[in-house]
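Each chain gets a letter, A, B and so on, in the order its sequence line appears, and its residues count up from 1.
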Amino acid sequence: MTTRSTSRPAARSGSRPTSDDGRAAGVDRAAGVASESALVTPLLSWFAAEARSLPWRASGTSPWAVLVSEVMLQQTPVNRVEPAYRAWLDRWPDPASLAGDSAGEAVRMWGKLGYPGRALRLHACAVAITDVHAGVVPSDLDALLALPGVGAYTARAVQAFAYHRRSAVVDTNIRRVLARAVHGSGQAGPPSTTRDLTAMESVLPASDDRAWRFCAAIMELGAVVCAAAKPSCDRCPLAPQCAWRAAGYPTYDGPVARGQRFAGTDRQVRGRLMDVLRAASGPVRQEALDVVWPDVMQRQRAQDSLVADGLVDPLPDGRFALPT
DNA sequence: AACGCGTGGGT
DNA sequence: TACCCAAGCGT
(Lines give C-alpha, C1' and ligand atoms only; values in the text may rest on other atoms or scores of the structure.)
Protein backbone atom coordinates (compact mmCIF):
# COMPACT_ATOMS: atom_id res chain seq x y z
CA MET A 1 0.00 0.00 0.00
CA THR A 2 1.56 3.23 -1.05
CA THR A 3 0.83 6.57 0.53
CA ARG A 4 -1.23 9.45 -0.70
CA SER A 5 0.49 12.39 -2.23
CA THR A 6 -1.14 15.00 -0.04
CA SER A 7 0.77 17.36 2.17
CA ARG A 8 -1.11 16.14 5.21
CA PRO A 9 1.15 14.46 7.79
CA ALA A 10 0.69 10.71 7.48
CA ALA A 11 -0.96 9.13 10.48
CA ARG A 12 -0.56 5.49 9.68
CA SER A 13 -0.84 2.22 11.52
CA GLY A 14 1.18 -0.56 9.92
CA SER A 15 0.34 -1.28 6.29
CA ARG A 16 -3.32 -0.40 6.69
CA PRO A 17 -4.88 2.22 4.48
CA THR A 18 -4.62 5.75 5.74
CA SER A 19 -6.80 6.35 8.77
CA ASP A 20 -8.99 9.26 7.86
CA ASP A 21 -11.20 11.09 10.29
CA GLY A 22 -14.42 9.74 8.88
CA ARG A 23 -16.07 13.01 7.91
CA ALA A 24 -18.26 13.10 4.85
CA ALA A 25 -16.95 14.15 1.46
CA GLY A 26 -16.59 17.88 1.08
CA VAL A 27 -14.03 20.60 0.99
CA ASP A 28 -11.43 21.03 3.65
CA ARG A 29 -11.75 24.78 4.20
CA ALA A 30 -8.42 25.18 5.90
CA ALA A 31 -6.41 23.47 3.19
CA GLY A 32 -8.71 24.14 0.27
CA VAL A 33 -8.49 20.53 -0.92
CA ALA A 34 -11.27 18.04 -1.38
CA SER A 35 -11.57 15.63 1.51
CA GLU A 36 -12.00 11.93 1.03
CA SER A 37 -15.35 10.18 1.16
CA ALA A 38 -16.06 8.44 4.46
CA LEU A 39 -16.68 5.25 2.49
CA VAL A 40 -13.11 4.85 1.40
CA THR A 41 -11.11 3.81 4.43
CA PRO A 42 -13.53 1.21 5.81
CA LEU A 43 -13.91 -0.24 2.32
CA LEU A 44 -10.15 -0.44 1.70
CA SER A 45 -9.59 -2.08 5.08
CA TRP A 46 -12.33 -4.60 4.45
CA PHE A 47 -11.00 -5.38 0.97
CA ALA A 48 -7.46 -5.84 2.22
CA ALA A 49 -8.73 -8.43 4.68
CA GLU A 50 -11.59 -10.09 2.80
CA ALA A 51 -10.94 -9.95 -0.94
CA ARG A 52 -11.41 -13.25 -2.76
CA SER A 53 -8.21 -14.55 -4.28
CA LEU A 54 -9.22 -14.62 -7.92
CA PRO A 55 -6.65 -15.63 -10.55
CA TRP A 56 -6.69 -12.26 -12.34
CA ARG A 57 -5.91 -10.56 -9.03
CA ALA A 58 -2.63 -12.42 -8.53
CA SER A 59 0.41 -10.18 -8.56
CA GLY A 60 2.17 -10.29 -11.88
CA THR A 61 -1.04 -10.62 -13.87
CA SER A 62 -0.39 -8.99 -17.25
CA PRO A 63 -2.61 -6.25 -18.72
CA TRP A 64 -3.56 -8.71 -21.44
CA ALA A 65 -4.71 -11.21 -18.83
CA VAL A 66 -6.72 -8.51 -17.11
CA LEU A 67 -8.37 -7.62 -20.41
CA VAL A 68 -9.19 -11.28 -21.05
CA SER A 69 -10.72 -11.60 -17.59
CA GLU A 70 -12.78 -8.45 -17.99
CA VAL A 71 -14.23 -9.48 -21.34
CA MET A 72 -15.05 -12.95 -20.00
CA LEU A 73 -16.70 -11.39 -16.96
CA GLN A 74 -19.06 -9.31 -19.08
CA GLN A 75 -22.33 -10.94 -18.02
CA THR A 76 -20.76 -14.27 -17.06
CA PRO A 77 -20.42 -15.31 -13.38
CA VAL A 78 -16.98 -15.50 -11.76
CA ASN A 79 -17.12 -19.21 -11.03
CA ARG A 80 -17.70 -20.05 -14.67
CA VAL A 81 -15.00 -17.68 -15.90
CA GLU A 82 -12.19 -19.00 -13.70
CA PRO A 83 -11.42 -22.26 -15.55
CA ALA A 84 -11.98 -20.69 -18.96
CA TYR A 85 -9.63 -17.85 -18.08
CA ARG A 86 -6.84 -20.24 -17.10
CA ALA A 87 -7.25 -22.36 -20.21
CA TRP A 88 -7.38 -19.32 -22.50
CA LEU A 89 -4.19 -17.75 -21.14
CA ASP A 90 -2.46 -21.09 -21.07
CA ARG A 91 -3.03 -21.27 -24.81
CA TRP A 92 -2.68 -17.58 -25.68
CA PRO A 93 -0.52 -15.86 -23.06
CA ASP A 94 -0.20 -12.66 -25.07
CA PRO A 95 -2.10 -10.77 -27.81
CA ALA A 96 0.26 -11.88 -30.57
CA SER A 97 -0.32 -15.57 -29.93
CA LEU A 98 -4.08 -15.14 -30.16
CA ALA A 99 -3.77 -12.88 -33.20
CA GLY A 100 -1.73 -15.63 -34.87
CA ASP A 101 -4.59 -18.09 -34.48
CA SER A 102 -7.96 -17.99 -36.21
CA ALA A 103 -11.06 -16.23 -34.93
CA GLY A 104 -12.85 -19.57 -35.16
CA GLU A 105 -10.41 -21.11 -32.70
CA ALA A 106 -11.17 -18.25 -30.32
CA VAL A 107 -14.89 -18.94 -30.68
CA ARG A 108 -14.32 -22.65 -30.10
CA MET A 109 -12.13 -21.99 -27.07
CA TRP A 110 -14.76 -19.64 -25.70
CA GLY A 111 -16.89 -22.73 -25.19
CA LYS A 112 -20.08 -22.16 -23.27
CA LEU A 113 -19.26 -18.85 -21.64
CA GLY A 114 -22.13 -17.33 -23.61
CA TYR A 115 -22.36 -14.40 -26.02
CA PRO A 116 -19.78 -15.85 -28.45
CA GLY A 117 -19.52 -12.48 -30.16
CA ARG A 118 -17.26 -11.56 -27.27
CA ALA A 119 -14.76 -14.19 -28.42
CA LEU A 120 -14.78 -12.69 -31.88
CA ARG A 121 -14.18 -9.22 -30.49
CA LEU A 122 -11.47 -10.40 -28.12
CA HIS A 123 -9.70 -11.94 -31.08
CA ALA A 124 -10.08 -8.64 -32.94
CA CYS A 125 -8.64 -6.92 -29.84
CA ALA A 126 -5.59 -9.17 -30.05
CA VAL A 127 -5.11 -8.28 -33.71
CA ALA A 128 -5.47 -4.55 -33.04
CA ILE A 129 -3.17 -4.61 -30.04
CA THR A 130 -0.58 -6.55 -32.02
CA ASP A 131 -0.78 -4.46 -35.17
CA VAL A 132 -1.60 -0.99 -33.86
CA HIS A 133 -0.18 -0.97 -30.34
CA ALA A 134 2.98 -3.03 -30.81
CA GLY A 135 1.61 -5.83 -28.69
CA VAL A 136 1.01 -3.68 -25.64
CA VAL A 137 -2.49 -3.30 -24.22
CA PRO A 138 -3.10 0.47 -24.30
CA SER A 139 -3.67 2.39 -21.08
CA ASP A 140 -5.12 5.47 -22.75
CA LEU A 141 -8.88 5.67 -22.34
CA ASP A 142 -9.68 6.57 -25.93
CA ALA A 143 -7.36 3.90 -27.28
CA LEU A 144 -9.04 1.32 -25.05
CA LEU A 145 -12.53 2.45 -26.05
CA ALA A 146 -11.53 2.04 -29.69
CA LEU A 147 -10.88 -1.67 -29.16
CA PRO A 148 -13.68 -4.06 -30.24
CA GLY A 149 -15.85 -5.16 -27.32
CA VAL A 150 -14.29 -2.65 -24.94
CA GLY A 151 -16.87 -0.21 -23.61
CA ALA A 152 -17.14 2.30 -20.79
CA TYR A 153 -16.76 -0.32 -18.06
CA THR A 154 -14.01 -2.50 -19.53
CA ALA A 155 -11.84 0.40 -20.64
CA ARG A 156 -11.77 1.86 -17.14
CA ALA A 157 -11.41 -1.56 -15.53
CA VAL A 158 -8.23 -2.11 -17.56
CA GLN A 159 -6.90 1.30 -16.55
CA ALA A 160 -7.59 0.57 -12.89
CA PHE A 161 -6.83 -3.14 -12.52
CA ALA A 162 -4.11 -3.59 -15.14
CA TYR A 163 -2.33 -0.26 -14.84
CA HIS A 164 -3.35 0.73 -11.32
CA ARG A 165 -4.50 4.10 -12.47
CA ARG A 166 -7.20 6.31 -11.01
CA SER A 167 -10.24 5.64 -13.21
CA ALA A 168 -13.95 5.79 -12.44
CA VAL A 169 -14.93 2.16 -12.92
CA VAL A 170 -18.69 1.64 -12.90
CA ASP A 171 -20.35 -1.73 -13.18
CA THR A 172 -23.69 -3.06 -12.01
CA ASN A 173 -22.34 -3.88 -8.55
CA ILE A 174 -20.90 -0.42 -8.07
CA ARG A 175 -24.11 1.21 -9.27
CA ARG A 176 -26.06 -0.75 -6.67
CA VAL A 177 -23.67 0.01 -3.78
CA LEU A 178 -23.65 3.72 -4.60
CA ALA A 179 -27.44 3.74 -4.89
CA ARG A 180 -27.74 2.26 -1.42
CA ALA A 181 -24.81 3.62 0.58
CA VAL A 182 -24.80 7.12 -0.92
CA HIS A 183 -28.29 7.78 -2.22
CA GLY A 184 -30.32 5.68 0.21
CA SER A 185 -32.16 3.85 -2.53
CA GLY A 186 -32.67 0.09 -2.47
CA GLN A 187 -31.50 -0.35 -6.05
CA ALA A 188 -29.90 1.65 -8.81
CA GLY A 189 -32.03 3.52 -11.32
CA PRO A 190 -31.67 3.00 -15.06
CA PRO A 191 -28.03 3.12 -16.19
CA SER A 192 -26.66 6.37 -17.54
CA THR A 193 -22.96 6.46 -18.28
CA THR A 194 -22.70 10.19 -17.64
CA ARG A 195 -24.62 10.13 -14.36
CA ASP A 196 -22.94 6.92 -13.19
CA LEU A 197 -19.44 8.24 -13.89
CA THR A 198 -20.22 11.45 -12.02
CA ALA A 199 -21.53 9.53 -9.01
CA MET A 200 -18.45 7.32 -8.91
CA GLU A 201 -16.11 10.25 -9.43
CA SER A 202 -17.59 12.01 -6.40
CA VAL A 203 -16.42 9.25 -4.03
CA LEU A 204 -13.24 8.15 -5.82
CA PRO A 205 -10.04 8.80 -3.81
CA ALA A 206 -7.47 11.16 -5.24
CA SER A 207 -4.43 8.92 -5.53
CA ASP A 208 -3.95 6.21 -8.13
CA ASP A 209 -3.32 3.56 -5.51
CA ARG A 210 -6.28 4.23 -3.28
CA ALA A 211 -8.52 4.84 -6.30
CA TRP A 212 -7.96 1.54 -8.07
CA ARG A 213 -8.21 -0.39 -4.84
CA PHE A 214 -11.43 1.45 -4.06
CA CYS A 215 -12.86 0.42 -7.42
CA ALA A 216 -11.97 -3.21 -6.78
CA ALA A 217 -13.27 -3.00 -3.22
CA ILE A 218 -16.65 -1.45 -3.94
CA MET A 219 -17.20 -3.88 -6.80
CA GLU A 220 -16.31 -6.78 -4.52
CA LEU A 221 -18.66 -5.48 -1.85
CA GLY A 222 -21.53 -5.40 -4.32
CA ALA A 223 -20.71 -8.92 -5.47
CA VAL A 224 -20.38 -10.66 -2.11
CA VAL A 225 -22.05 -8.49 0.57
CA CYS A 226 -24.30 -5.82 -0.92
CA ALA A 227 -25.98 -8.36 -3.18
CA ALA A 228 -29.01 -7.43 -5.24
CA ALA A 229 -31.55 -9.78 -3.70
CA LYS A 230 -30.22 -10.60 -0.25
CA PRO A 231 -27.70 -8.08 1.07
CA SER A 232 -25.73 -9.21 4.13
CA CYS A 233 -25.88 -5.91 5.97
CA ASP A 234 -24.79 -7.58 9.22
CA ARG A 235 -21.30 -8.05 7.84
CA CYS A 236 -21.06 -4.88 5.75
CA PRO A 237 -18.12 -2.57 6.46
CA LEU A 238 -20.20 0.38 5.24
CA ALA A 239 -23.18 -0.22 7.51
CA PRO A 240 -22.31 2.78 9.75
CA GLN A 241 -22.19 5.08 6.72
CA CYS A 242 -25.00 3.50 4.67
CA ALA A 243 -27.75 5.93 3.70
CA TRP A 244 -30.12 3.11 2.80
CA ARG A 245 -29.74 1.57 6.25
CA ALA A 246 -30.10 4.98 7.90
CA ALA A 247 -33.36 5.50 6.02
CA GLY A 248 -34.76 2.18 7.25
CA TYR A 249 -34.23 0.20 4.02
CA PRO A 250 -37.00 1.81 1.96
CA THR A 251 -38.17 -0.39 -0.91
CA TYR A 252 -37.46 0.65 -4.45
CA ASP A 253 -40.36 2.45 -6.10
CA GLY A 254 -38.85 3.36 -9.46
CA PRO A 255 -39.55 1.83 -12.84
CA VAL A 256 -39.15 -1.94 -13.00
CA ALA A 257 -36.91 -3.16 -15.78
CA ARG A 258 -38.57 -5.67 -18.04
CA GLY A 259 -36.67 -8.95 -17.91
CA GLN A 260 -35.80 -10.47 -21.24
CA ARG A 261 -37.19 -13.88 -22.11
CA PHE A 262 -34.98 -16.62 -23.45
CA ALA A 263 -36.92 -19.81 -24.14
CA GLY A 264 -38.04 -19.90 -27.75
CA THR A 265 -36.04 -16.87 -28.82
CA ASP A 266 -33.56 -16.56 -31.65
CA ARG A 267 -30.86 -16.42 -28.99
CA GLN A 268 -31.67 -19.94 -27.90
CA VAL A 269 -31.59 -21.15 -31.49
CA ARG A 270 -28.29 -19.37 -32.13
CA GLY A 271 -26.88 -21.04 -29.03
CA ARG A 272 -27.82 -24.47 -30.29
CA LEU A 273 -26.36 -23.80 -33.73
CA MET A 274 -23.10 -22.59 -32.22
CA ASP A 275 -23.00 -25.64 -30.00
CA VAL A 276 -23.04 -27.87 -33.09
CA LEU A 277 -20.27 -25.89 -34.77
CA ARG A 278 -18.06 -25.80 -31.66
CA ALA A 279 -18.41 -29.53 -31.14
CA ALA A 280 -17.54 -30.37 -34.74
CA SER A 281 -13.87 -30.68 -35.65
CA GLY A 282 -14.48 -29.14 -39.07
CA PRO A 283 -17.19 -27.82 -41.40
CA VAL A 284 -20.71 -29.20 -40.98
CA ARG A 285 -23.49 -29.75 -43.47
CA GLN A 286 -26.82 -27.96 -43.42
CA GLU A 287 -28.56 -31.13 -42.20
CA ALA A 288 -26.48 -31.11 -39.04
CA LEU A 289 -27.78 -27.64 -38.28
CA ASP A 290 -31.38 -28.37 -39.27
CA VAL A 291 -31.88 -30.81 -36.42
CA VAL A 292 -31.37 -28.28 -33.63
CA TRP A 293 -34.72 -26.48 -34.10
CA PRO A 294 -38.04 -27.60 -35.61
CA ASP A 295 -39.22 -24.18 -36.81
CA VAL A 296 -37.53 -23.86 -40.19
CA MET A 297 -38.11 -20.14 -40.57
CA GLN A 298 -36.75 -19.30 -37.15
CA ARG A 299 -33.79 -21.63 -37.54
CA GLN A 300 -32.91 -20.06 -40.85
CA ARG A 301 -33.24 -16.58 -39.40
CA ALA A 302 -30.93 -17.46 -36.52
CA GLN A 303 -28.42 -19.05 -38.88
CA ASP A 304 -28.45 -16.02 -41.16
CA SER A 305 -27.87 -13.72 -38.21
CA LEU A 306 -24.87 -15.79 -37.12
CA VAL A 307 -23.42 -15.46 -40.62
CA ALA A 308 -24.12 -11.72 -40.57
CA ASP A 309 -22.35 -11.48 -37.20
CA GLY A 310 -19.29 -13.26 -38.56
CA LEU A 311 -19.68 -16.16 -36.16
CA VAL A 312 -20.42 -18.64 -38.96
CA ASP A 313 -18.77 -18.93 -42.37
CA PRO A 314 -20.81 -20.31 -45.28
CA LEU A 315 -18.42 -22.31 -47.45
CA PRO A 316 -18.58 -22.55 -51.25
CA ASP A 317 -19.45 -26.24 -51.00
CA GLY A 318 -22.60 -25.44 -49.01
CA ARG A 319 -21.22 -26.42 -45.63
CA PHE A 320 -20.72 -24.16 -42.62
CA ALA A 321 -17.73 -23.54 -40.39
CA LEU A 322 -16.44 -21.36 -37.62
CA PRO A 323 -14.68 -18.29 -39.08
CA THR A 324 -11.10 -18.52 -40.26
C1' DA B 1 -32.95 4.68 -24.85
C1' DA B 2 -34.21 0.23 -25.32
C1' DC B 3 -33.26 -3.94 -27.10
C1' DG B 4 -30.67 -8.20 -28.82
C1' DC B 5 -27.15 -11.01 -27.54
C1' DG B 6 -25.84 -17.27 -24.27
C1' DT B 7 -25.46 -20.00 -20.50
C1' DG B 8 -26.37 -22.42 -16.34
C1' DG B 9 -27.29 -22.20 -11.41
C1' DG B 10 -30.49 -20.61 -7.89
C1' DT B 11 -35.25 -20.12 -6.02
C1' DT C 1 -42.32 -24.41 -13.87
C1' DA C 2 -40.83 -20.07 -15.01
C1' DC C 3 -38.70 -16.77 -13.66
C1' DC C 4 -34.20 -14.10 -11.96
C1' DC C 5 -29.72 -13.36 -12.11
C1' DA C 6 -24.16 -12.68 -13.38
C1' DA C 7 -17.60 -7.57 -13.44
C1' DG C 8 -21.61 -5.12 -20.62
C1' DC C 9 -21.37 -3.99 -25.52
C1' DG C 10 -23.13 -2.52 -29.95
C1' DT C 11 -26.70 -0.65 -32.48
Side-chain angles (χ1 to χ4, degrees), chain A residues 47 51-52 54-57 65-85 107 110-122 124-125 144-162 167-178 187-197 200 212 215-224 226-231 255-278 292 298 301-302 304-306 308-312:
Chain A
F47 187 67
R52 293 169 293 177
L54 301 172
W56 43 88
R57 287 180 178 164
V66 171
L67 176 59
V68 169
S69 77
E70 292 300 343
V71 174
M72 287 185 169
L73 286 162
Q74 292 169 359
Q75 300 284 277
T76 301
V78 166
N79 57 18
R80 221 182 308 163
V81 165
E82 283 199 33
Y85 166 85
V107 171
W110 196 255
K112 299 204 162 193
L113 284 179
Y115 295 138
R118 290 184 292 164
L120 221 48
R121 298 190 193 104
L122 187 53
C125 269
L144 283 163
L145 289 170
L147 294 174
V150 175
Y153 163 76
T154 304
R156 290 172 177 81
V158 168
Q159 289 192 298
F161 307 141
S167 196
V169 176
V170 180
D171 77 326
T172 184
N173 289 309
I174 292 173
R175 280 167 32 75
R176 184 173 56 252
V177 174
L178 292 179
Q187 58 185 263
S192 156
T193 302
T194 306
R195 268 202 316 270
D196 296 340
L197 287 175
M200 184 61 174
W212 82 258
C215 291
I218 192 169
M219 195 179 320
E220 180 85 347
L221 189 79
V224 304
C226 195
K230 45 172 189 59
V256 181
R258 179 89 188 92
Q260 294 189 23
R261 302 169 307 281
F262 176 68
T265 62
D266 287 6
R267 280 161 74 186
Q268 184 179 27
V269 185
R270 284 165 56 106
R272 290 191 181 185
L273 292 169
M274 290 305 297
D275 199 31
V276 170
L277 286 157
R278 279 194 305 263
V292 306
Q298 187 177 22
R301 184 169 68 241
D304 290 347
S305 74
L306 287 172
D309 287 351
L311 285 163
V312 174

- request: Establish, from distance only, whether the side-chain atoms of Glu70(A) and Tyr153(A) form a donor-acceptor pair under 3.5 Å.
  value: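 Checked: Glu70(A)/Tyr153(A) side chains pair up, N/O donor to acceptor below 3.5 Å.
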- request: Would you tell me whether Arg270(A) and Thr265(A) have side-chain atoms, one donor and one acceptor, within less than 3.5 Å of each other?
  value: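 Their side chains do not contain a donor-acceptor pair, so the 3.5 Å distance test is not met.
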- request: Before giving the answer on side-chain contact (heavy atoms from CB on, under 4.5 Å), spell out for Glu220(A) and Arg57(A) the whole-Å C-alpha distance, their side-chain angles and the decisive distance to 0.1 Å.
  value: CA-CA 12 Å; Glu220(A) 180 85 347; Arg57(A) 287 180 178 164; 2.7 Å; yes
message: Using a 4.0 Å heavy-atom cut-off, does Ile174(A) contact any base of the nucleic acid, only the sugar-phosphate backbone, or nothing at all?
response: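 Contact class for Ile174(A): none.
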task: Encode nucleotides 5-11 of chain C as B, S and - characters from 5' to 3', where the letter depends on protein heavy atoms closer than 4.0 Å: B to the base, S only to sugar-phosphate, - to neither.
output: -BBBSS-
Can you tell me, in whole Å, how much space there is between the [atom1] of [N] and that of [M]?
N       : M       : atom1 : value
dT1(C)  : dG6(B)  : P     : 24 Å
dG9(B)  : dC9(C)  : P     : 25 Å
dT7(B)  : dT11(C) : C1'   : 23 Å
dG4(B)  : dC3(C)  : P     : 16 Å
dA6(C)  : dA1(B)  : P     : 23 Å
dG10(C) : dG8(B)  : P     : 24 Å

- request: Can you check whether any acceptor in the base of dG6(B) is under 3.5 Å from a donor in the side chain of Arg267(A), or vice versa?
  value: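 Side chain to base: pair found, below 3.5 Å.
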Would you kindly give the [atom1]-to-[atom2] distance between [X] and [N], to the nearest whole Å?
X         : N      : atom1 : atom2 : result
Leu306(A) : dC5(B) : CG    : C1'   : 10 Å
Gln187(A) : dC4(C) : CD    : P     : 12 Å
Phe262(A) : dT7(B) : CZ    : C1'   : 7 Å
Leu113(A) : dC5(B) : CG    : P     : 19 Å
Gln268(A) : dC5(B) : CD    : C1'   : 13 Å
Leu311(A) : dT7(B) : CG    : P     : 11 Å
Gln298(A) : dG4(B) : CD    : C1'   : 14 Å

- request: Flag the pair Asp304(A) and Arg301(A) as a salt bridge only when some basic side-chain nitrogen lies within less than 4.0 angstrom of an acidic carboxylate oxygen.
  value: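 Here Asp304(A) does not pair with Arg301(A) in a salt bridge, since their nearest N and O are not under 4.0 Å apart.
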query: Of Lys230(A) and Pro191(A), whose nearest nucleotide on DNA chain B comes first from the 5' end?
result: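 Whichever sits nearer the 5' end wins; that is Pro191(A).
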field: Close side-chain approach of Leu67(A) to Thr154(A), heavy-atom, < 4.5 Å
entry: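 Leu67(A) reaches Thr154(A) side chain to side chain.
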- prompt: Does some side-chain heavy atom of Val78(A) sit less than 4.5 Å from a side-chain heavy atom of Arg52(A)?
  reply: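 Arg52(A) reaches Val78(A) side chain to side chain.
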task: Evaluate the side chain to side chain donor-acceptor pair (under 3.5 Å) criterion for residues Arg80(A) and Tyr85(A): first the C-alpha distance (whole Å), next the side-chain angles of each, then the deciding distance (0.1 Å), finally the verdict.
output: CA-CA 9 Å; Arg80(A) 221 182 308 163; Tyr85(A) 166 85; over 6 Å; no
query: OP1, OP2 of dT7(B) versus side-chain N and O of Arg278(A): anything below 4.0 Å?
result: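 Checking dT7(B) against Arg278(A), a side-chain N or O does come within under 4.0 Å of OP1 or OP2.
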